[in-house]
Amino acid sequence: MLLTNNITTDVIIAISTIAIVIYLYVKHQYSYWKRLGVPQMKPTFPLGNYKFSFPKGLQMGAYTDLYYQEFKKIGAPFGGVYIGLTPHLVITDPDIAKAIFIKDFNYFTDRHMYSTKHQPISVNLITQKGDEWKAARAKLTSLFTTAKLRSFIEFATKCKLDLVAHVDELADGKQDVDIIKITTLYIADIITMVLFGFHAQNFKCENTDIISLGKGFFNSFSTAFQIQLLITHCFPKLAAFLRMGNVQKKIEEIGYTFIPKAVEYRIKNNIRGADLLQLIIDSTEPGKKLPMDEIVAQAFALLAAGLESSSSTSTVILYELAKHKEYQTKVREEIYRVKEKYEGKVTYDSVMELTYLQQILDESLRLYPLVTNLYRVCVQDYNIPGRDFLIKKDTPLIFPMVGFHRDPDQFPEPMKFDPSRFDNKNEKHGGFYPFGVGPRNCIGGKLGMIQSKLAVLAIIENYEVSLSPKTPDTLEIDDGAFLIQFKNVIYLKLKKIQK
Ligand code: HEM
């Protein structure tokens, strides 16, 4: 039925009406926070305040740091932004953040990270929600008991021999050594044992499957894949409708080839281990088929969360120790002292006694929080204590960790690397959460800390670490990655210490 006698006029009226409806809807949506009396950043249609690498060229942590600075500047404890058309609440007050993470966790059990049943590898501990997450977390927690960590340390000291044999050839004090490569190979050996129960011997023959899987979730993405991520991030409902995944196809393929092979080998040869595979095999009812999707998804999540984070952490530490020789000497003396006390053995207890190394690690993660944002979703209406403000159910929350960790009110001269900030163990720094906090914190935090320290220990006890003319003056962050990763290769010079 025509509105007028002219089809062209009718088309123009129809298009104009649709445009006006969209305009009014967007205008209404983009005033959500204003209507609630919350300060908000100015959004731009259609991405709102999203500025990830494509199309704006900013790393996740860099653009959420802009949110933090904007709201801090006006003294707001929280403020509103829009990702696509969805209102998100940004928290800048450390006390509110703490209450949400810990005391009132039951209101914030989930993380708003996209996953879809159409891509089972994307449904893992990082993205799971509600009771499904609770059950998975309870099961996987037993992988990180102190007893298991003790046995992993024992294994890590064996792998250290491979590291030293490899690095000895490069440690003439003249060659430029790609330090992240060394830490990645070492930590990949440890994580492979934790998850799959075998010694990958990466220094002898690099296991590219494991390393690709470890880097595949959060790493630098092609522009085409970034567009896909943009849709899953800004318009998750549309992405789900289009059955779009958020794990790159080639990574999914590696996962579904490598991991089932490891399981098959385990079962065929009747091998038992203290690792993830064993955990899932043992928790499967006898006679039932092994849940391969679950094994692949959880192994992938643990590899992705555990490998890059720890290798980058130890790399930052070694870079800072090369820049600050006085800290390097002090930490080496501590390593020698503790080693002597433990008769040359590296054990769980001896690693825990490396308190100066712990300060260095804390300071590195303060300056470079590998996970640049913490995320939560409000799962039931929540009144912010003392603020008379109700966060409505389903509101996603962002905690910009770069902002918190570099806030001069908490950390004077924030860009200065200064381990003495963490001298006093009892002093609590508000908003300092390198491993998150509360029941949804990092499940592998202790392992991450230990393996990062072990990588540093292996280098510092054996080699003098120095800058090379090719070492960057500052660490430039790769825009195209979720976690903090570095744009340039970090070269250092290593010289064997004659003991
Ligand atoms: C230096 C190393 C590491 C750092 C800095 C780090 C940091 C973090 C952070 C900040 C979170 C988010 C916590 C939150 O939302 O409150 C997280 C979550 C997680 N991390 Fe780590 N992590 C490290 C090592 C590891 C390791 C070694 C593993 C496992 C092998 C691991 C597995 C995970 C998993 C599975 C989650 C999601 C937990 C859940 O939602 O229940 N991480 N990590």
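For ligands, and for the atoms within them, numbers begin at 1 and follow the listed sequence.
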Atom pairs and distances, donor-acceptor, side-chain atoms in residues 363-371, under 3.5 Å, two or more places apart:
{"unit_1": "Glu363", "atom_1": "OE1", "unit_2": "Arg366", "atom_2": "NE", "d": "2.8"}
{"unit_1": "Glu363", "atom_1": "OE1", "unit_2": "Arg421", "atom_2": "NE", "d": "3.4"}
{"unit_1": "Glu363", "atom_1": "OE2", "unit_2": "Arg366", "atom_2": "NH2", "d": "3.0"}
{"unit_1": "Glu363", "atom_1": "OE2", "unit_2": "Asp418", "atom_2": "N", "d": "2.7"}
{"unit_1": "Glu363", "atom_1": "OE2", "unit_2": "Arg421", "atom_2": "NE", "d": "3.0"}
{"unit_1": "Ser364", "atom_1": "OG", "unit_2": "Ile360", "atom_2": "O", "d": "2.8"}
{"unit_1": "Arg366", "atom_1": "NH1", "unit_2": "His405", "atom_2": "O", "d": "2.9"}
{"unit_1": "Arg366", "atom_1": "NH1", "unit_2": "Pro414", "atom_2": "O", "d": "3.1"}
{"unit_1": "Arg366", "atom_1": "NH2", "unit_2": "Pro414", "atom_2": "O", "d": "2.7"}
{"unit_1": "Arg366", "atom_1": "NH2", "unit_2": "Lys416", "atom_2": "O", "d": "3.2"}

Atom indices of ligand 1, in the order listed, that fall short of 4.0 Å to a heavy atom of Trp133: 39 (C), 40 (O), 41 (O)

Near atom 21 (Fe) of ligand 1 (cut-off under 2.8 Å), count of protein N, O or S atoms: 1

Output field: ring centroids Phe399/Phe78 closer than 6.0 Å: no

Sub-4.0 Å atoms of ligand 1 with respect to non-hydrogen atoms of Leu302: 29 (C), 30 (C), 35 (C)

Salt-bridge criterion met for Asp189 and Lys204 (N-O under 4.0 Å): no

Identified side-chain contact (heavy atoms from CB on, under 4.5 Å) counterpart of Leu149 within the set Glu154, Lys446, Gln451: Lys446

Geometric class of the His166/Phe203 ring pair [parallel <30°, tilted 30-60°, perpendicular >60°]: tilted

Contacting atoms of ligand 1, where contact means under 4.0 angstrom from a heavy atom of Pro434: 5 (C), 7 (C), 10 (C)

The single option from Thr315, Asp178, Thr313 passing side chain to side chain donor-acceptor pair (under 3.5 Å) against Thr183: Thr315

Residues which pass side-chain hydrogen bond (donor to acceptor under 3.5 Å, both in side chains) with Lys339, listed by chain and number, not counting sequence neighbours: Glu461

Any N/O pair Tyr433/ligand 1 closer than 3.5 Å: no

Pi-cation contact, Tyr63 with Lys51 (under 6.0 Å, within 45°): no

Whether Tyr327 and Phe417 hold their rings parallel, tilted or perpendicular, with breakpoints at 30° and 60°: tilted

Short N-O contact, Asp349 and Arg150, less than 4.0 angstrom: yes

Sub-4.0 Å heavy-atom approach of Ser310 to ligand 1: yes

Ligand 1 N/O within reach of Thr313 N/O, cut-off under 3.5 Å: no

Ligand 1 contact by Arg376, heavy-atom criterion under 4.0 angstrom: yes

Option whose closest heavy atom lies nearest to atom 38 (C) of ligand 1, chosen from Lys446, Gln128, Arg137, Met113: Arg137

Which of the ligand 1 atoms, numbered from 1, are nearer than 4.0 Å to a heavy atom of Arg440: 13 (C), 14 (C), 15 (O), 16 (O), 39 (C), 40 (O), 41 (O)

Region of Leu195 engaging ligand 1 - heavy atom pairs below 4.0 Å: neither

Heavy-atom gap Gln451 to ligand 1 smaller than 4.0 Å: yes

Atoms of ligand 1 close to Leu125 [distance to a heavy atom under 4.0 angstrom, numbered from 1]: 35 (C), 39 (C), 40 (O), 41 (O)

Plane angle bin for His233 and Tyr50 - parallel if under 30°, tilted between 30 and 60°, otherwise perpendicular: tilted

Ligand 1 N/O within reach of Arg111 N/O, cut-off under 3.5 Å: yes

side-chain hydrogen bond (donor to acceptor under 3.5 Å, both in side chains) against Asp293, all qualifying residues, sequence neighbours excluded: Tyr256

